[in-house]
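Read through the structure below, which is laid out as structure tokens, and then see the notes.
Everything quoted here is computed from the prediction, not taken from an experiment.
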Amino acid sequence: MLFKIECLLLLLIFPLILLSAQPKLPVASENIIFETEFKDKDVTADISEGSPDISLKLGKVILKDSPWGKALYCGKGGAKLRYEIAKNVEFWNKGTAILWFRPLDWSKVSLQHSRVFFFGVESSKGFLGVQVSSGPKSQNILERNIRILLLYFKHIPSTTMSINGPAAPGDNKWHMLAVTWSKNEIGLSLDGAPFALKKINGELKKEYFQCPSFSIGSDVGANYLLQMLRIYNCRLNNQDLKNIYKTKTELLRKKQ
């Protein structure tokens with residue numbers, strides 16, 4: 001009888017041991033609150049907790065082929081799109097945005113067309129933006145840092161943090177850019193690297209974001225392709241970043 005009880009206990013415990021030994025799974029799909037992959041020219045979001053429709057279009061929507069489907073043509077002659085903030089992104093709570101971009105002949109871009117904006121809130125009453133640094137002017141865009149900026153917030157000092165950009169002359173490869181935020185911290189990652197983080201001197205609050213929309217892409221400056229923007233309602237950990245980058249780049253290699 002005792003032997004049977006011991007066997008039964010082993011049968012109950014063994015699956016739990018196996019489960020605890022499994023590697024941490026990637027962040028769940030239910031954590032995604034907004035996603036657009038630019039599948040057609042109406043560029044409505046594929047996933048959204050709030051409105052999926054664009055609230056404003058600047059420039060001309062041009063879609064180009066990418067290894068994973070379509071991509072939005074950005075920069076001079078391209079488009080910037082704005083979507084409603086409400087329920088689609090909360091910069092005052094923990095969150096992460098991931099986008100994939102491909103520089104288009106940045107090594108040949110003249111200095112007067114060197115602005116590159118990716119994602120954020122553009123307002124004179126509170127600016128949170130992710131873009132390529134505008135200087136030094138002696139550097140090519142590929143050599144400049146990618147940075148996240150906090151500007152014009154009434155109760156938060158201007159804050160900037162930067163990471164190295166692609167930094168390879170002639171680089172036309174696809175890159176994964178990840179942005180993370182919480183009420184008192186911001187961070188960036190390129191190509192699956194661990195997040196570089198910086199504390200904010202103050203706290204981001206919902207009432208600070210008076211602009212009703214956030215922007216993706218650009219209709220001015222250097223050209224690039226934007227394949228996807230995905231927003232999570234949590235901070236991805238460094239292993240999540242690595243897994244997402246590895247999975248998508250493996251798909252890219254298979255298509256080449």
Without placing hydrogens or testing angles, list every side-chain donor-acceptor pair under 3.5 Å for residues 92-99, not counting sequence neighbours.
{"residue": "N93", "atom": "ND2", "partner": "E90", "partner atom": "OE1", "Å": "2.7"}
{"residue": "T96", "atom": "OG1", "partner": "T180", "partner atom": "OG1", "Å": "3.4"}
{"residue": "T96", "atom": "OG1", "partner": "C234", "partner atom": "O", "Å": "2.8"}
{"residue": "T96", "atom": "OG1", "partner": "L236", "partner atom": "N", "Å": "3.1"}

- Message: Using 0.5 Å steps for rounding, measure from the CD atom of Q139 to the CD1 atom of I141.
- Response: 11.0 Å
- Please lay out, stage by stage, how I33 and R230 fare under the test side chain to side chain contact (heavy atoms under 4.5 Å, CB included). CA-CA 8 Å; I33 57 174; R230 177 184 293 164; over 6 Å; no
- Note on the structure: Of F127, W181, F214, F153, the one forming a ring pair (Phe, Tyr, Trp, His ring centres under 6.0 Å) with F209 is F153
- Below 4.5 Å, heavy atoms only, C-beta onward: do N184 and L204 meet side chain to side chain? no
- Message: With side chain to side chain contact (heavy atoms under 4.5 Å, CB included) as the criterion, how do S213 and C211 come out once you've worked through the C-alpha distance, each side chain's angles and the decisive distance to 0.1 Å?
- Response: CA-CA 6 Å; S213 61; C211 179; 3.9 Å; yes
- Message: Could you measure the distance from the CD1 atom of I231 to the CG atom of N31? Nearest 0.5 Å is fine.
- Response: 13.5 Å
- Between Y232 and F34, does a side chain to side chain contact (heavy atoms under 4.5 Å, CB included) hold up when you go through it step by step? CA-CA 7 Å; Y232 297 85; F34 182 89; over 6 Å; no
- Task: Report the residue from F38, W68, W174 that forms a ring pair (Phe, Tyr, Trp, His ring centres under 6.0 Å) with W100.
- Result: W68
- Message: Can you tell me which residue among I148, L150, N201, L149 is in a side-chain contact (heavy atoms from CB on, under 4.5 Å) with T159?
- Response: L150
- Query: Can you list the residues that meet the side-chain contact (heavy atoms from CB on, under 4.5 Å) rule with S158, with sequence neighbours excluded?
  - Reply: L151
- Side chains of K64 and Q227: is there a donor and an acceptor less than 3.5 Å apart? no
- Message: So does M176 get a backbone contact from the side chain of D191, meaning a donor-acceptor N/O pair under 3.5 Å?
- Response: yes
Mind listing the side-chain donor-acceptor pairs of residues 46-57 below 3.5 Å, one per line with the distance, residues two or more places apart or on another chain?
{"residue": "D46", "atom": "OD2", "partner": "E37", "partner atom": "N", "Å": "2.8"}
{"residue": "S48", "atom": "OG", "partner": "G50", "partner atom": "O", "Å": "3.0"}
{"residue": "S51", "atom": "OG", "partner": "D53", "partner atom": "N", "Å": "3.3"}
{"residue": "S55", "atom": "OG", "partner": "R82", "partner atom": "O", "Å": "3.1"}

- Within 45° of the six-membered ring axis of F117 and under 6.0 Å from that ring's centre, is NZ or CZ of K80 located there? yes
- Task: Check step by step if side chain to side chain contact (heavy atoms under 4.5 Å, CB included) holds for F118 and V116.
- Result: CA-CA 7 Å; F118 292 116; V116 182; 3.8 Å; yes
- Query: Do you reckon V220 sits in the same ILVMFWY cluster as L72, going by side-chain contacts under 4.5 Å, direct or chained?
  - Reply: no
- Message: For Q239 and N243, which I'm curious about, is there any donor-acceptor pair between the side chains at under 3.5 Å?
- Response: yes
